[in-house]
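Below is one structure, written out as structure tokens; comments come after it.
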Amino acid sequence: DAVRKMTEGKRGDWYRFFSMALWSIRVTINRATGYSPYELCFGQEPVLPMEFLIESFAVIEWRDMTTQELLEARFRILERKPEDLQLARERIERAREQRANQFNREHRLRPDSESIEEGDMVIVRDSKLDTIAGGKLRWRYFGPFWVFAKGESGYWLTEMDGTRIRKPFQGSRVKLY
């Protein structure tokens, strides 16, 4: 989409802007993670071309630095990476939860006549089969399960033996057994 906008409809010029579009995508901070793909991959912020014009930390020449000091500086950068990745995971989970809550606010989970409560026995629609061609006669549900809890993001279920399933199921996929 970015390449199309940059070429202003001139289809033959796309190759001139492709590398710039890729660079832009890779260094732009993602709303869900709070990090750019570049930073998640390499554990440091990218050095932008304009930083070579304006002296910044990323492009300062490190003179009179011993090997030990250089290793320590690089180690500190790499040491931060697991924390940054964990923070990105947490932000992704929060963003997913927010999107699920927004969806559930905008779309009713189910009609009032088919209210599912804690302790009910249910089956779950296998949504993977929705996109498979020729799956007309396949069994589309799996289960049965017990409803352990009803939350903002859907229904928390347990196996028949009480083993909890680690993620909730959307209300649109859950049906009374």
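All values below were derived from every heavy atom in this structure, side-chain atoms included, with hydrogens, water molecules and symmetry-related copies excluded. Residues: numbered from 1 along the sequence shown.
Gln102 and Arg99 share no donor-acceptor pair across their side chains, judged by distance under 3.5 Å alone.
Taking the side chain as every heavy atom from C-beta outward, Met160 and Pro144 approach each other to under 4.5 Å. Here the side chains of Trp146 and Met121 are in contact, with some heavy-atom distance below 4.5 Å. Two residues are said to be in side-chain contact when any heavy atoms from C-beta on lie closer than 4.5 Å; Ile123 and Lys175 meet this criterion. Side chains of Phe145 and Ile165 form a contact here, defined as non-hydrogen atoms less than 4.5 Å apart.
When all heavy atoms are compared, the tightest approach of Ile116 to Val174 is CD1-CG1, 3.7 Å. The two atoms that bring Pro46 and Trp23 nearest to each other are CB-CH2, 4.2 Å, heavy atoms only. In terms of heavy atoms, Arg173 sits closest to Tyr141 at O-CE2, 4.4 Å. Shown here for Tyr155 and Lys150, the closest heavy-atom pair between the two residues is CE2-CG, 3.5 Å.
The line from SG of Cys41 to CZ of Arg26 is 9.5 Å long, rounded to the nearest 0.5 Å. Atom CD of Glu45 sits about 5.0 Å away from atom CD of Glu39, to the nearest 0.5 Å.
Ion pairing of Arg96 with Glu93 is present here, as a side-chain N (NZ or NE/NH1/NH2) and a carboxylate O approach within less than 4.0 Å.
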Please lay out, stage by stage, how Leu85 and Arg89 fare under the test side-chain contact (heavy atoms from CB on, under 4.5 Å). CA-CA 6 Å; Leu85 290 175; Arg89 282 187 205 101; 4.1 Å; yes
Check residues 27-35 and write down every donor-acceptor pair under 3.5 Å in which the side-chain atom is one partner and the other belongs to a residue at least two apart or another chain.
unit_1, atom_1, unit_2, atom_2, d
Thr28, OG1, Ser24, O, 2.4
Asn30, OD1, Ala32, N, 2.7
Asn30, OD1, Thr33, N, 3.3
Thr33, OG1, Tyr35, N, 3.1
Thr33, OG1, Tyr35, O, 3.0
Tyr35, OH, Asp84, OD1, 3.2

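Applying the side-chain hydrogen bond (donor to acceptor under 3.5 Å, both in side chains) definition to pairs two or more places apart or across chains, those involving residues 156-167 are Asp161-Thr163.
Linking Ile, Leu, Val, Met, Phe, Trp and Tyr residues whenever their side-chain heavy atoms come within less than 4.5 Å leaves Leu40 and Ile92 in two separate clusters.
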